[in-house]
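What follows is a short report on a single structure.
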Amino acid sequence: MINLDNFNDKQKEAVLYNDGPLLILAGAGSGKTKVLTTKVAALIDSGIDTSEILAITFTNKASKEMKERIYNLIGSDAYYIQISTFHSFGLKILKDNYELLNYKKNFTIIDSDDSLSVIKKIMKEINVDQKMISPRYIKDNISSAKNSLVDEFEYSKYANTDNEIIIEKVYKRYQEKLKINNSVDFDDLLVLPIKLFKEYPSVLKAYQERYKYILIDEYQDTNEAQYVLTKMISAKYKNICVVGDNDQSIYSFRGANYQNILNFEKDYKDAKVIMLEQNYRSTKTILDAANSVIKNNKYRKDKKLWCDNNVGEKITYYRALNERDEADYISLEVEKALSNGVLPTQIAVIYRTNAQSRTLEESFLKNNIPYKIIGSFYFYNRKEIKDLISYLKLLYNNNDDVSLMRVINVPKRGIGIKTITNLENKAEINNISIYDAIDSGKELIFKNIIEDIKKEMDNINLTKLIDLVLDKSGMREALINENTIEADSRLENLEEFKSITKNFEEREGIISLEDFLNEITLVSDVEEHKDSKDRVTLMTMHAAKGLEFDYVFISGMEDGIFPSNKSFYDEQEIEEERRLCYVAITRAKKKLYIVNARKRRLYGIDSNNPPSRFISEIDKNCIENNSGNAVTKINVYKDREEEDFVTDINFKVGDKVIQDKYGNGIVVSLNDEFMFIAFPFPIGIKKFVKNHKSIKLEK
DNA sequence: CCATAATTCTTTTTT
DNA sequence: AGAATTATGG
């Protein structure tokens, strides 16, 4: 029997209501995951079969966590429940119905990089200048069309402008190419199941019968395709439970529409709505800080999360000299926490962009702090790893032209552009894949290598297959012969890749190449394939959603970084950044640090960013400034030679200056008493006391 | 065809 | 800053 002693009334109600549509509006830390997992356990307890439940999450990490927690409640029955991300659920549907959609069994999923290179290729084919319209722009447009369920034919109906007509052409050709390659992209994993259900109502009916109970987490992040997909499957029994929080909607760049959560009550007239507003996670201080920030959003349903928890420690604010000082300060405070007995798994450092992880990583390495970086795809992005994966994909799906092109001349086999262009033309004319078009020359030798490996691959495990590929392809030999430090490191990475397949095989028993390829495409994060316990976590704020830690460091709290300067011009985007800030703050249970840097070198240029506007929105009682206590004095000396600031100067019009609060600006006019400085949009021109100490000349 | 040099591009957040 | 693409010379 399920024990509900530790549940409040609302939570109990949410767990036990299983008759019809249910909307749970759950604030941060209100026990949402606890409710969802217990709900699943309660369903099973009441006699519902594990196969009748479908639970959908947004990230792989969230689904992994849900599986674990359900396992803790009901044991190994948890393995039989369909708990997955939208994309992997879509993949499952495709795997079960590929023939109906005219795919072959061994279709492959292409990742974002691959789809970009397909688009570039098409643009060359149809003579579109990449300087006039960027491939990325086209890709984003195609992707958002797909996520709004606009297919290439529908798109052409509305294509008017020059750009749209180009996109239309590329879109059509892109779909054709993927089809010939027997491959699908990420978006297809959502779009194709919907297409299937529309064309074959009987198939849809079978899914409706199968999944009688549907649970969807983070409903505010669903886009049109995801929304339609769940609506279709739940249409018969309407036992659909969605959980969400408008204040945590942070994926609109991916087409997410938090209106979906409001539409829920329209779609299901008899929907039950339960609000979970008591926070059990954070100290009162942290919650007050979060509330004081989010209340600045205009487009928002007012609600207030409350808690009974302790006041706890104040938030510590530290403004560092530069990004290295920032990282060192964090390292130092992390070390302090660790020596006070805080577990490394209970500490997280979060930031707005992945690029910020580098400096932090260097500092952690230097200070011997064990860490793991979530969501940095740098391992899979390495050339040698991509090459290896392309070999594997090609072995599995010979029609995968993208992978073939990647490796046909790796290592160098004397197959150049000319040969490849000829092959492409031949494939194009005959409407076949490049692999099938090969029948002579050096490229035939390549084809024979693949065929050779194919003969052996069925009898060996994955790890051995990788060795076989490295040997037969000549990749290993070429790298050994190169005899450089770089080649050695590439070899090391390839060995490291084997540890991933080994882990896989140990975890899953025997697994197929098919399963492996699907998983590394959908879970393209090394850390999620490894058991890396006892480490401090570094990740983006987006990746942190749904997680909680005793100690949280938010780094890079600067205007321009967070909120991102790309969001400055659009109120809606600023509001989304603010929701992200709300998410970031509410990750912390006990202690929150907010850190930023006066001077930061990012993407190769130096900038002097003012502190994030969100910091000033935090209730003053919640936060204390620790910048004066430069624990990192050593760095002050180290960085002195790099000091760019000059004081006591006679300013003149046109001088580039740095102002403590607003950052970089230009002196536009001055008199004996005042000076006027222009700052980038949206700050504008501000008036200051002349030669005020907060203004410095930029060298 | 290949290696290297020079130049240009990109740089939010994720499946 | 670093990656990616293009130009150049062998």
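Just so it is clear: chains get the letters A, B, ... in the order the sequence lines come, proteins before strands, and each one is counted from 1.
- Going from atom CD of E575(A) over to atom C1' of dT13(B) covers 18 Å, rounded to whole Å.
- Annotation: salt bridge (charged side-chain N to carboxylate O under 4.0 Å, His left out) contacts involving residues 410-420 of chain A, sequence neighbours excluded, are absent.
- Applying the salt bridge (charged side-chain N to carboxylate O under 4.0 Å, His left out) test to residues at least two apart or on different chains, the pairs with a partner in residues 557-569 of chain A are E558(A)-R600(A), D559(A)-R613(A).
- The CZ atom of R136(A) sits 8 Å away from the P atom of dT10(B) (whole-angstrom rounding).
- The backbone N or O of G560(A) lies less than 3.5 Å from no partner atom in the side chain of N609(A), so there is not a single donor-acceptor pair.
- The interatomic distance linking R600(A) (CZ) with dT11(B) (P) rounds to 19 Å, in whole Å.
- As a whole-Å value, the separation of I109(A) CD1 from dT14(B) P is 19 Å.
- For the pair K566(A) and F86(A), nearest-nucleotide mapping onto DNA chain B gives the more 5' position to K566(A).
- F186(A) meets the ring-ring contact (aromatic ring centres under 6.0 Å, His included) test with no other residue; sequence neighbours excluded.
- A side-chain donor-acceptor contact under 3.5 Å links N106(A) to the backbone of Y396(A).
- One atom, CG of L538(A), and another, C1' of dT13(B), lie 17 Å apart when rounded to the nearest Å.
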Check: How would nucleotides 1-8 of chain B be written as a contact map, 5' to 3', with B for base contact, S for sugar-phosphate-only contact and - for no contact, using protein heavy atoms under 4.0 Å?
Finding: SSS-----
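- Using a 4.0 Å cut-off, some side-chain N or O of T540(A) falls inside it from OP1 or OP2 of dT14(B).
- The distance between atom CG of D140(A) and atom P of dT11(B), rounded to the nearest whole Å, is 10 Å.
- Residues that satisfy the side-chain hydrogen bond (donor to acceptor under 3.5 Å, both in side chains) test with K195(A), not counting sequence neighbours, are absent from this structure.
- Interface remark: the S564(A) side chain does not form any donor-acceptor pair with the dT13(B) base, using a distance-only criterion of under 3.5 Å.
- Atom-to-atom, CD1 of I250(A) to C1' of dT15(B) comes out at 14 Å; the value is rounded to the nearest Å.
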Next item on the list: Go along nucleotides 1-10 of chain C 5' to 3' and tag each nucleotide: B for a protein heavy atom under 4.0 Å from its base, S when only backbone or sugar atoms are that close, - otherwise.
Entry: BS--S-----
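- Distance from the side chain of Y251(A) is smallest to dT14(B) among dT14(B), dT12(B), dT15(B).
- Distances shorter than 4.0 Å separate some side-chain N or O of N354(A) from OP1 or OP2 on dT14(B).
- Judged by centroid separation below 5.5 Å and plane tilt below 30°, F253(A) stacks onto the base of dT13(B).
- For the pair L116(A) CG and dT10(B) P, the computed distance is 10 Å after rounding to whole Å.
- Partners of Y155(A) according to the side-chain hydrogen bond (donor to acceptor under 3.5 Å, both in side chains) rule, which considers only residues two or more places apart in sequence or in another chain, do not exist here.
- Checked against side-chain hydrogen bond (donor to acceptor under 3.5 Å, both in side chains), T537(A) has no partners two or more places apart in sequence or in another chain.
- With hydrogens and angles disregarded, a donor-acceptor distance shorter than 3.5 Å links the side chain of D188(A) to the backbone of D185(A).
- Closest contact between the side chain of T59(A) and the listed nucleotides dT11(B), dT14(B), dT12(B) involves dT14(B).
- Between R254(A) and dT12(B), a side-chain N or O to OP1/OP2 separation shorter than 4.0 Å is absent.
- Residue contacts shown for F58(A) are limited to sugar-phosphate atoms, with no base heavy atom under 4.0 Å away.
- Residues S134(A) and H542(A) both approach DNA chain B. Their nearest nucleotides, taken by heavy-atom distance, put S134(A) toward the 5′ side.
- Considering only residues two or more places apart in sequence or on other chains, N596(A) meets the side-chain hydrogen bond (donor to acceptor under 3.5 Å, both in side chains) condition with Y317(A), R319(A).
- Using a 4.0 Å heavy-atom distance criterion, F562(A) is classed as making no nucleic acid contact.
- Taking atom C1' on both nucleotides, dA4(C) is separated from dT13(B) by 23 Å, rounded to a whole Å.
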